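Comments concern the structure below.
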Amino acid sequence: MSTTAQSRPRTGRRDLAGSPFLTAARGRRPARLPVWFMRQAGRSLPEYRALREGVPMLKACFDPEMIAEITLQPVRRLGVDAAIFFSDIVVPLVAAGIDVDIVPGTGPVVAEPVRDAAAVRRLPALEPERLEPVLDGTRLLVERLGQTPLIGFAGAPFTLASYLIEGGPSRSFERTKALMRSEPEVWHDLAGQLAEIAVTFLRGQIEAGADAVQLFDSWAGALTLREYREFVLPHSARVLGAVADLDVPRIHFGVGTGELLTAMREAGADVVGVDWRVPLDEAVRRLTAHGEPVPVVQGNLDPALLQASWPVIEAEVRRIAAEGRAAAGHIFNLGHGVPPGTDPDVLARVVELVHSLEG
């Protein structure tokens, strides 16, 4: 996005010009370092567990009041600089009519895995009206968040495809890689359809009021750079490019993607999410190695260290903040999501420390 486009308020949207999160996302220096956490709304919060008791995950994801309340919980408790929309990456698949369930202790499980051209042809498109209960939650949040920005999100085509092909979570992605390499036409047809589903989901959230979006390619780190460029980059670029006209910052994040950072930025990221394996100043070096502009980065405290003693956590937060100054802008976050057993008081203490640091 150009500086002019970044600075221009959008008609009918909240004026969040003072937001440290949005300031950093647009490559400028806020007065304080902004912070939010992936999976900040979830099992680490006792109020979340109480609200979700007896309520299946997908039911919660299609209930506007629950979406709004769960999204707001960490904003109230932790004082983070952005809210992340409560949902799941398979929600747009479910809304399209694909038979996916979220099984406690397992994750997304697909009733009929998609492993050939005929199965790809049977996949339904996502009709925007099927998202209305979800987008009603977005609209409620815009009314209730005050001056806190809302981040919408979607799963990237590769990660969505991996669930559909494998039939559920996988560590090795053997079926996915085999299909990708053996039947590239089938793969590109599938990834193209999933890109359109992700576009519909993201555009719906932005048009309902989201102030930024994050595209999660959670499992892209399983790929080589060559595989990513050939089989994944075009489809992620389609998703991020299709929301460029809506003038919100676009964050792109994956786990184990240190070797893919440059390509993930090329897909259209305004902010590059970095997991804990690569120091932020090294990420900036990689992203500018061929003369590219200095990037905005997000990250990247190792989530496991939230179980460490406070002196360890404090030292890591300060180190990461210092390394982040190599970037054009830095949004403090974890290198992946908040683990379920995290003490919320530790998260609140991290927020307080980050807020004491210059942007």
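Bear in mind the structure is a predicted one, so any value in this text is a computation, not a measurement.
With Val120 as reference, Val186 is the one residue of Val186, Leu194, Leu179 to meet the side-chain contact (heavy atoms from CB on, under 4.5 Å) rule.
Side chain of Arg250 to main chain of Ala269: no donor-acceptor pair is present (N/O by atom type, distance under 3.5 Å, no hydrogens or angles). Thr71 places a side-chain N or O within donor-acceptor distance of the main-chain N or O of Ile67, the cut-off being under 3.5 Å. A side-chain donor-acceptor contact under 3.5 Å links Ser19 to the backbone of Leu22.
A donor and an acceptor atom, one from each side chain of Thr176 and Glu166, are located under 3.5 Å apart. A donor-acceptor contact under 3.5 angstrom links the side chains of Asp81 and His355, judged on distance only.
Hydrophobic clustering places Leu225 together with Trp187 (ILVMFWY residues linked when any side-chain heavy atoms are closer than 4.5 Å, directly or through intermediates). Hydrophobic clustering, with ILVMFWY side chains joined whenever heavy atoms are under 4.5 angstrom apart, keeps Met66 apart from Val142. Side-chain heavy atoms closer than 4.5 Å link hydrophobic residues (I, L, V, M, F, W, Y) into clusters, and following such links, even through other members, never connects Val109 to Leu58. By the rule that hydrophobic residues join a cluster once side-chain heavy atoms approach within less than 4.5 Å of another member, Val278 and Ile320 end up as members of one cluster. In terms of hydrophobic clustering, with Ile, Leu, Val, Met, Phe, Trp and Tyr side chains grouped at heavy-atom distances under 4.5 Å, Phe85 and Tyr48 are assigned to a common cluster.
The closest side-chain heavy-atom distance from Phe37 to Ile84 is not below 4.5 Å. Annotation: side chain of Phe332 is in contact with side chain of Val317 (closest heavy-atom distance under 4.5 Å). Ile102 is listed as a side-chain neighbour of Asp88, based on a closest heavy-atom distance under 4.5 Å. Between Tyr228 and Met264, some side-chain heavy-atom pair lies under the 4.5 Å cut-off. In this structure, Phe201 and Val134 have side chains that are in contact, with non-hydrogen atoms separated by less than 4.5 Å. Between Phe253 and Leu215, every side-chain heavy-atom pair lies at or beyond the 4.5 Å cut-off. Using a 4.5 Å heavy-atom cutoff, the side chains of Val296 and His330 are not in contact. At least one side-chain heavy atom of Leu306 sits under 4.5 Å from a side-chain heavy atom of Pro339.
The shortest heavy-atom contact between Ala210 and Thr138 is N-CG2, 4.2 Å. Closest approach of Glu292 to Ala289, counting heavy atoms only: OE1-N, 3.8 Å. In this structure, Ile197 and Ala96 approach most closely via the heavy-atom pair CD1-CB, 4.5 Å. Closest approach of Ala68 and Arg144 over heavy atoms only: CB-NH1, 3.9 Å. Among all heavy-atom pairs drawn from Gly54 and Pro56, the shortest one is O-CD, 3.6 Å. Residue Val100 comes nearest to Pro108 through the heavy atom pair CG1-CB, 4.2 Å, listed as atom of the first residue, atom of the second, then distance.
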Show the atom names and distances, to 0.1 Å, of all donor-acceptor pairs under 3.5 Å that link a side chain in residues 233-243 to residues at least two apart or in another chain.
{"residue": "His235", "atom": "NE2", "partner": "His188", "partner atom": "ND1", "Å": "2.9"}
{"residue": "Arg238", "atom": "NE", "partner": "Glu196", "partner atom": "OE2", "Å": "2.7"}
{"residue": "Arg238", "atom": "NH2", "partner": "Glu196", "partner atom": "OE1", "Å": "2.9"}
{"residue": "Arg238", "atom": "NH2", "partner": "Glu196", "partner atom": "OE2", "Å": "3.3"}

Review item, side-chain donor-acceptor pairs of residues 157-164, under 3.5 Å, at least two apart:
{"residue": "Thr159", "atom": "OG1", "partner": "Asp217", "partner atom": "OD1", "Å": "2.7"}
{"residue": "Thr159", "atom": "OG1", "partner": "Ser218", "partner atom": "N", "Å": "3.0"}
{"residue": "Thr159", "atom": "OG1", "partner": "Trp219", "partner atom": "N", "Å": "3.2"}
{"residue": "Ser162", "atom": "OG", "partner": "Thr159", "partner atom": "O", "Å": "2.7"}
{"residue": "Tyr163", "atom": "OH", "partner": "Trp219", "partner atom": "NE1", "Å": "3.1"}

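Using a cutoff of 4.0 Å between basic side-chain nitrogens and carboxylate oxygens, Arg14 and Asp211 are scored as salt-bridged. Salt-bridge formation is not detected for the pair Arg349/Glu352: no Lys NZ or Arg NE/NH1/NH2 atom is positioned less than 4.0 Å from an Asp or Glu carboxylate oxygen. At a threshold of 4.0 Å, the pair Arg139-Glu132 counts as salt-bridged, since one of the basic side-chain nitrogens sits closer than that to a carboxylate oxygen. Taking a cutoff of 4.0 Å between a charged side-chain nitrogen and a carboxylate oxygen, Asp245 and Arg203 qualify as a salt bridge. The pair Arg319-Glu316 meets the salt-bridge criterion, with a side-chain N (NZ, NE, NH1 or NH2) lying under 4.0 Å from an Asp/Glu carboxylate O. Note on Arg181 versus Glu174: no salt bridge recorded, every NZ/NE/NH1/NH2 to OD/OE distance being 4.0 Å or above. Using a cut-off of 4.0 Å between Lys/Arg side-chain N and Asp/Glu carboxylate O, Lys177 and Glu227 are scored as not salt-bridged. For Glu53 and Arg49, the salt-bridge test fails: no basic side-chain N is under 4.0 Å from an acidic carboxylate O.
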Could you go through Gln205 and Leu131, starting from their C-alpha distance and side-chain angles, then the distance that decides it, and tell me whether this counts as side chain to side chain contact (heavy atoms under 4.5 Å, CB included)?
CA-CA 9 Å; Gln205 291 174 74; Leu131 289 172; over 6 Å; no
Run the side chain to side chain contact (heavy atoms under 4.5 Å, CB included) check on Arg265 and Val272 step by step: do they pass?
CA-CA 6 Å; Arg265 186 187 192 188; Val272 180; 3.8 Å; yes
Checking Leu72 against Leu141 for the side chain to side chain contact (heavy atoms under 4.5 Å, CB included) test, could you report, in this order, the C-alpha distance in whole Å, the side-chain angles of both residues, the deciding distance, and whether it holds?
CA-CA 8 Å; Leu72 283 161; Leu141 281 161; 3.8 Å; yes
Test log, rule side chain to side chain contact (heavy atoms under 4.5 Å, CB included), inputs Val232 and Leu223
CA-CA 9 Å; Val232 178; Leu223 302 172; 3.4 Å; yes
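With values rounded to the nearest 0.5 angstrom, Asp302 atom CG is found 9.0 Å from Asp275 atom CG. Rounded to the nearest 0.5 Å, atoms CZ (Phe86) and CD1 (Ile70) are 4.0 Å apart. Rounding to the nearest 0.5 angstrom, the gap separating the OG1 atom in Thr262 from the CG atom in Leu287 is 5.0 Å. To the nearest 0.5 angstrom, Glu207 atom CD is 5.5 Å from Leu246 atom CG. Rounding to the nearest 0.5 angstrom, the gap separating the CD1 atom in Ile206 from the CG atom in Asp247 is 10.0 Å. Atoms CZ and CG, from Arg52 and Leu45 in turn, are 12.5 Å apart once rounded to the nearest 0.5 Å.
Aromatic pair Phe153/Phe216: centroids less than 6.0 angstrom apart.
The neighbour count for Arg277 CZ, taken as heavy atoms of other residues, nucleotides or ligands under 6.0 Å away, is above 12.
Applying the salt bridge (charged side-chain N to carboxylate O under 4.0 Å, His left out) rule to Glu314 yields the partners Arg318; only residues at least two apart in sequence or on another chain are considered. With sequence neighbours excluded, the residues satisfying side-chain hydrogen bond (donor to acceptor under 3.5 Å, both in side chains) with Gln298 are Trp36, Gln214. For Glu47, the side-chain hydrogen bond (donor to acceptor under 3.5 Å, both in side chains) partners at least two apart in sequence or on another chain are Arg77.
The stretch residues 97-124 participates, sequence neighbours left out, in no side-chain hydrogen bond (donor to acceptor under 3.5 Å, both in side chains) pair at all.
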